[in-house]
Each structure stands twice: as structure tokens, then as C-alpha cells.
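Have a look at the structure below before the remarks.
Being a predicted model, the structure only gives us computed values, none of them experimental.
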Amino acid sequence: MGAAFGRAMTAGTVAAAVAGGVYRALRTRPRPRGLRTNYAGRTVDLYAGPAAALGAAAGTAVLPLPARTRCAAALAVLAAGGCGAYDDLVGADDPRRGFRAHLGALRDGEVTSGAVKLFGIGAAGLAAGALLKERPVDRMLAAVVIAGTAHLVNLTDVRPGAAATAVLALGAPGLPVGLAAAPMGAVTALVADDLGERTMLGDTGVHALGAALGVAIVAGRGRAGLLAHAAGLVAAAAYGDRISRLVRVLSER
């Protein structure tokens, strides 16, 4: 247990250092880019997103785990972050939200940034699952868990600090595995500025952090555990509006 805790601490520390360093470097740019208006009408940047993604990826890279596991984590985190970044850049003014809206647009022949994100993160989940598991059923369940966890964290990103809190809460049970320490460390370095409404994680950050948590879940679970998590995440996606509304209400108390 002591060795596992030490590995987790190392991963978290590296993730926090990289995330914090990238964020500070981006904020020193003379011409800030990607500024957004948050729910309260305040102008914030999106620098926490790429900082979180790179921090989480770096934290997983230093863990003494099999190469396939570390590759799966890096693939899932960076691909999910990349898909999220595309949505941040291209889909900022698109009012459509949720799977149904983007799939409906796809049926009409329009490929939205949300659809790119949906299928891109799903494909990354499949690729990561293939690295983490041997049997086809387990690989499919792994893909659902990785993509579903990324979506779940996105559902909580409705107020400053809400997604960061979700990452810490979801990651805490997986600390003994070590992988969960990376997204937790990355978000810890950024949460103060997120709460202070100077930055936001955006789709880039929340999807990267969620994918990292998904990999941590997959790496530490057998088929029964994967099935239970997958079922819960599918249910969460089906009731996504209610989850976002609940997080919004709790954040305003």
C-alpha cells in the first residue's frame, strides 16, 4: 500500500507541475486567444483545458505500469482533449447540445463539431480498450467506460469548479491504482483559477480529464466491474440534462 501511495503521489505531483506550468506559460502570452464569456457574463480564457490535458498525460507517463497501459492512457487523454479542443474552437457558437441534437444534424447531412467529438472520443475509447483488455467484450465495455466517463465529467461542467470537484470525487476511489492521481493532480493545480473565474476547463479539459478517469477505472476492473460502470454511465448519458441541472442547483447553494 505504501509503494502504491508513493506512485500515486509522484503521478499527481508531476501532473500538477506540468498543468500549472503550461497554464502559466499560456497566460503570459501578449495576445490572449480563445476568450469566452461564462455563465455570469465574465470574460475567461480556456487555457486550463490544454494545461489539464497535458498535465494528466504527463502524470500517467511516469507511472511504472505496463507500456500498453501507459499508451492507452496517453491515447485516450490526448485524443479526448483534441476532440474537445476542436469543439471549443469550432462549435463555440453552436447552440445545439446533447447526443440527440448532434445525431439529428448528422442525419440531415451536417457534421457538427459535437458529432466529431462524439465519434472521435468513442474511437479513442475503442483503441485504448484494445490496449487494456484482451477479449472483444471487455474491449467494448472499456470503450463505453472511457467515453462515458469523459461525457459524465462534461455534464458537470456547468459552474466554476463543478467539473474539478467531480474529477476529485470520481478519482478518489481509484487512487490505489495510481492512474487516477494524474487527472486529480492536474485539476488541483488549476482549480483556484477556475473557481476565481479567470479560466475554464472547457471541452478540452473536461473530456481529457474524464477520459483519464475512465482509463483508471478500466485498468482496475474485471468484466463485472466494467459492466456495472458501463451501465451506470449509459444511464447518466440518458439523463444528462437532469445531472447538469442538479449540479447547477448544488453549485448555487
> Between Thr204 and Pro50, what is the shortest heavy-atom contact and its length?
Replying inline: CG2-N, 3.7 Å
> With sequence neighbours left out, what residues match Arg198 under salt bridge (Lys or Arg N to Asp or Glu O under 4.0 Å)?
Replying inline: Asp193
>> Is it the case that over 12 heavy atoms from other parts of the model lie below 6.0 angstrom from the OH atom of Tyr39?
In response: yes
> Around Asp241, counting heavy atoms of other residues, nucleotides and ligands shown, do more than 12 lie under 6.0 Å from its CG?
Replying inline: no
> Can any side-chain N or O of Arg159 pair as donor or acceptor with the backbone N or O of Arg248 at less than 3.5 Å?
Replying inline: no
> Do the side chain of Ser244 and the main chain of Leu155 share a donor and acceptor less than 3.5 angstrom apart?
Replying inline: yes
>> Taking the side chain as everything from C-beta on, heavy atoms only, tell me whether Thr149 gets closer than 4.5 Å to Val215.
In response: no
> If you take all heavy atoms of Ala15 and Ala182, which pair is closest and at what distance?
Replying inline: CB-O, 3.1 Å
> For atom CZ of Arg223, is the number of surrounding heavy atoms from other residues, nucleotides or ligands below 6.0 Å larger than 12?
Replying inline: yes
> Judged by atom type as modelled, is there a donor-acceptor pair below 3.5 Å linking the side chain of Thr165 to the main-chain atoms of Gly161?
Replying inline: yes
> Which heavy-atom pair separates Ala230 from Val145 by the least distance, and what is that distance?
Replying inline: N-CG2, 3.9 Å
> When you measure from the side chain of Lys133 to the backbone N and O of Ala219, does any donor-acceptor pair fall under 3.5 Å?
Replying inline: no
> For the residue pair Leu179 and Ala216, what are the closest heavy atoms and their distance?
Replying inline: CB-CB, 3.7 Å
> Quick one: does Asp194's side chain have a donor or acceptor within less than 3.5 Å of a partner on Met200's backbone?
Replying inline: no
